[in-house]
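Step one of this worksheet: look at the structure below.
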There are 2 protein chains.
Amino acid sequence: MELLEDKKCLAGSVINTLKGKFALEILSAILDGHLHYGYLIRNIDGINPRILATRLRAFEEEGILSRKVLPLIPPQVEYRLTDKGMALYPIIEAMRDWHLEYN
Amino acid sequence: MELLEDKKCLAGSVINTLKGKFALEILSAILDGHLHYGYLIRNIDGINPRILATRLRAFEEEGILSRKVLPLIPPQVEYRLTDKGMALYPIIEAMRDWHLEYN
DNA sequence: CGGGATCCTGCCTGATACTG
DNA sequence: CAGTATCAGGCAGGATCCCG
């Protein structure tokens, strides 16, 4: 059962990262070059500030993305994917392909 | 935002399949050739009958695995992955690789 | 503008007992 | 053996409101 334990825990960390509500929407938007909180809160349908903040903070703590406050008036915050975050892209693509082939 | 909508919903179906508690453990065990309910309930640490049944039923409804009752005494039930279920394997591997590289 | 603090709700889950 | 039924608990998420 070693292989089982192995695969489960390790793959589970990706699932934990992506299973939260709007997690994929947020990451996809940022992947598409929409880096600002304002864009995300206005364009992700049904999201609310608490959830957006929760996801962004979790992503930041996991090293998936970085947060940068721009010294502008009005204030603006920019989120960029790290290499670790970028590396999620092929996984998301693979999941999308699986859905397209089998659903 | 079309690409965003696209990626989100479609990849989301995989996340929904895998995010349930013990989902990865169950699929990994079956991938490793452990097809029987009895094995799963005895070897997956911390699982209980209700959760195992819930996951197995969900997987079956999604076409991830098939259920076969063996006419034995004592009764025995065998779960096998369908092609659709097998196709999850590379995705789980990719998630595992991501974890190994970045965590 | 970009959040944090609160309160409330529902679903997921845990634990057991029971059955064909 | 392979589940189902039932009940209780906890945590994720929805809805506001407020603040630097």
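Per chain, numbering begins at 1; letters A, B, ... match sequence-line order. Note that the structure is a prediction, hence the values are computed from the model and not measured.
In terms of phosphate contacts, R55(B) brings a side-chain nitrogen or oxygen within less than 4.0 Å of OP1 or OP2 of dT13(C). At dA12(D), none of the side-chain N or O atoms of K19(A) fall inside 4.0 Å of OP1 or OP2 (strictly under the cut-off). The phosphate of dG4(C) has OP1 or OP2 within less than 4.0 Å of a side-chain N or O from R57(A). OP1 or OP2 of dA17(C) has not a single side-chain nitrogen or oxygen of R50(B) nearer than 4.0 Å. A sub-4.0 Å separation between OP1 or OP2 of dG3(C) and a side-chain N or O of Y79(A) is present.
Going from atom CD1 of I73(B) over to atom C1' of dG20(C) covers 13 Å, rounded to whole Å. We find that CD1 of I41(A) is positioned 14 Å from P of dT16(D), with the value rounded to whole Å. The distance from atom CD of E60(A) to atom P of dG4(C) is 10 Å, rounded to the nearest whole Å. The NE2 atom of H36(A) sits 13 Å away from the C1' atom of dG2(C) (whole-angstrom rounding). In this structure, CZ of F22(A) is placed 9 Å from C1' of dG13(D), rounded to the nearest angstrom. In this structure, CG of N48(A) is placed 13 Å from C1' of dT6(C), rounded to the nearest angstrom. Per the geometry, CD1 belonging to I51(B) stands 14 Å off C1' belonging to dG3(D), to the nearest Å. Atom CD of E25(B) and atom P of dT13(C) are 12 Å apart (whole Å).
Within the 4.5 Å cutoff, the side chain of R80(A) has no heavy atoms near those of the L65(A) side chain. For the pair V77(B)/R67(B), a side-chain contact is recorded, criterion being any heavy-atom separation below 4.5 Å from C-beta on.
Closest contact between the side chain of Y37(B) and the listed nucleotides dA2(D), dG13(D), dG14(C) involves dA2(D). Taking only side-chain atoms of V77(A), from C-beta outward, the nucleotide of dG2(C), dT16(D), dG3(D) with the closest atom is dG2(C).
Judged by distance alone, the side chain of T82(B) and the main-chain N or O of I64(B) form a donor-acceptor pair under 3.5 Å. For the pair R55(A) (side chain) and I26(A) (backbone), a donor-acceptor distance under 3.5 Å is absent. Judged purely by atom type and a 3.5 angstrom limit, R42(A) uses its side chain to pair as donor or acceptor with the backbone of G38(A).
Projected onto DNA chain D by closest heavy-atom contact, P49(B) and P75(B) fall at different nucleotides, the more 5' of which corresponds to P75(B).
Here G20(A) lies in heavy-atom contact (under 4.0 Å) with sugar-phosphate atoms only. R42(A) comes within 4.0 angstrom of no nucleic acid atom, judged by non-hydrogen atoms across all strands.
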